[in-house]
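To start, the structure itself, in structure tokens.
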Protein chains: 2
Amino acid sequence: MTTDRLRGLIETTAGELPPLTVELVRDLEIPEQMTIADVAALTGLSAHTLRYYERIGLVEVPRDGAGRRVYDREAVGRVVFITRLRDSDMPIAAIARYVELVKQGPDTEPERLALLEAHREDILHRLRDLQGALAVVDYKITTYGGSCGS
Amino acid sequence: MTTDRLRGLIETTAGELPPLTVELVRDLEIPEQMTIADVAALTGLSAHTLRYYERIGLVEVPRDGAGRRVYDREAVGRVVFITRLRDSDMPIAAIARYVELVKQGPDTEPERLALLEAHREDILHRLRDLQGALAVVDYKITTYGGSCGS
DNA sequence: GGTTGCCTTCGAGTGCGCTCGAAGTCCTAC
DNA sequence: GTAGGACTTCGAGCGCACTCGAAGGCAACC
């Protein structure tokens with residue numbers, strides 16, 4: 001049961017930039033084999049959600065003799081990657097498309113790149129929206145809970 | 001029909017910071033009376049959505065003799081404010097709560113302020129998420145449509 | 001006076017992303 | 001050997017924020 005160590009790892013890495021990269025999964029001593037509960041603790045996703053992601057084809061997860069999921073580093077890395085994209089509101093359909101392209105082999109790299117670049121634009125747009133909204137909220141706060149229509 | 005002039009106004013203000021503030025509604029020559037179609041053109045919301053916002057109590061909109069909505073400046077200002085909050089993913093329930101507090105009078109200013117400050121924290125959190133995701137996507141783009149698990 | 005077109009209400013439907021519950025299996029500890 | 005708990009599959013349900021369609025009203029123009 002590695003969950004306790006993982007909890008520590010999560011605490012020490014939380015808040016850093018980037019807060020849980022794929023590189024961390026590779027470089028830090030994340031175990032080669034993880035249960036679904038371990039991955040849930042690591043990523044903050046629920047086990048239900050992890051099963052859902054597998055069900056809709058975003059990850060393939062090996063099983064042990066009893067049919068239980070055994071997440072290897074590749075699976076964990078992919079889950080982490082997916083959560084990063086989800087954190088930026090990338091639709092699951094787009095992530096699924098990306099994963100599909102990866103499965104199809106290296107010929108699809110241009111389309112993958114295009115997909116990522118389109119998403120990059122989305123992120124930049126969202127950033128601008130949020131900064132605008134932040135300005136509005138800050139204005140309201142500094143001028144004291146104003147009349148809402150104003 | 002003021003829609004054409006509004007279109008021009010929208011074009012000239014689009015992309016500025018902040019891109020359509022409540023102040024613009026007050027200061028620029030936005031007409032005193034607007035139809036639902038005008039407000040839809042101004043805000044980018046659909047007429048359906050505008051009716052929905054009214055239905056759930058986010059705005060009150062005066063009517064003409066025939067029962068049609070006539071948006072005055074206060075109503076337009078509130079719709080613009082709501083869209084700014086929605087752009088930052090503030091849940092409709094929270095916006096409704098805020099509007100409710102405004103209705104209840106000036107005694108509720110502390111709670112309004114608390115609500116805005118909580119939302120401000122949410123926005124900052126979302127900004128960090130997005131910046132992290134942007135870093136991941138940029139990394140993927142610069143290292144060429146990598147293997148997705150990586 | 002008909003047609004066009006935007007407006008009205010009301011209720012139901014949609015899409016997304018989970019989220020849950022039931023029923024059963026398997027390993028571990030006592 | 002049995003109790004507990006974490007796991008499995010499957011399908012259904014949920015919450016949010018719209019989104020749509022039907023059926024009808026009113027005004028303006030030809």
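Each chain gets a letter, A, B and so on, in the order the sequences are listed, and its residues count up from 1. None of the values given here were measured: they were computed from a predicted structure.
If you take CZ of A/Arg51 and C1' of D/dA6, they are 9 Å apart, rounded to a whole angstrom. When rounded to the nearest whole Å, the span between CD of A/Glu54 and P of D/dC7 equals 14 Å. In this structure, the CG atom of B/Leu58 is 9 Å from the P atom of D/dC18, given to the nearest Å. Taking atom CG on A/Leu50 and atom P on C/dT19, their separation rounds to 12 Å, with Å as the unit.
Remark: B/Lys140 does not engage A/Glu109 in a salt bridge, criterion side-chain N to carboxylate O under 4.0 Å. At a threshold of 4.0 Å, the pair A/Arg112-A/Asp107 does not count as salt-bridged, since none of the basic side-chain nitrogens sits closer than that to a carboxylate oxygen.
Remark: side-chain polar atoms of B/Thr108 are not paired, donor with acceptor, to backbone N or O of B/Gln104 under 3.5 angstrom. Remark: the backbone N or O of A/Met34 is not paired with any side-chain donor or acceptor of A/Arg69 at under 3.5 angstrom.
Contact annotation: A/Tyr52 side-chain N/O to C/dC20 OP1/OP2 distance is not under 4.0 Å.
At the heavy-atom level, A/Arg69 lies under 4.0 Å from the strands shown only through sugar-phosphate atoms. Here A/Arg86 lies in heavy-atom contact (under 4.0 Å) with sugar-phosphate atoms only.
Rounded to 10 degrees, the angle between the two end axes of the helix from C/dG1-D/dC30 to C/dC30-D/dG1 is 0°, with five pairs used at each end.
Closest contact between the side chain of A/Arg55 and the listed nucleotides C/dG17, C/dT9, C/dT19 involves C/dT19. Each of D/dA17, C/dG17, D/dT19 was ranked by its minimum atom distance to the side chain of B/Ile92; first place goes to D/dA17. Side-chain proximity of A/Ile36 to D/dA17, D/dC7, C/dT9: nearest is D/dC7.
The salt bridge (charged side-chain N to carboxylate O under 4.0 Å, His left out) check on B/Glu111 picks up B/Arg97, with sequence neighbours excluded.
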Where do N or O atoms of nucleotides 21-26 of chain C meet protein N or O atoms at under 3.5 Å, pair by pair?
residue, atom, partner, partner atom, Å
C/dC26, O2, A/Arg68, NH2, 3.2

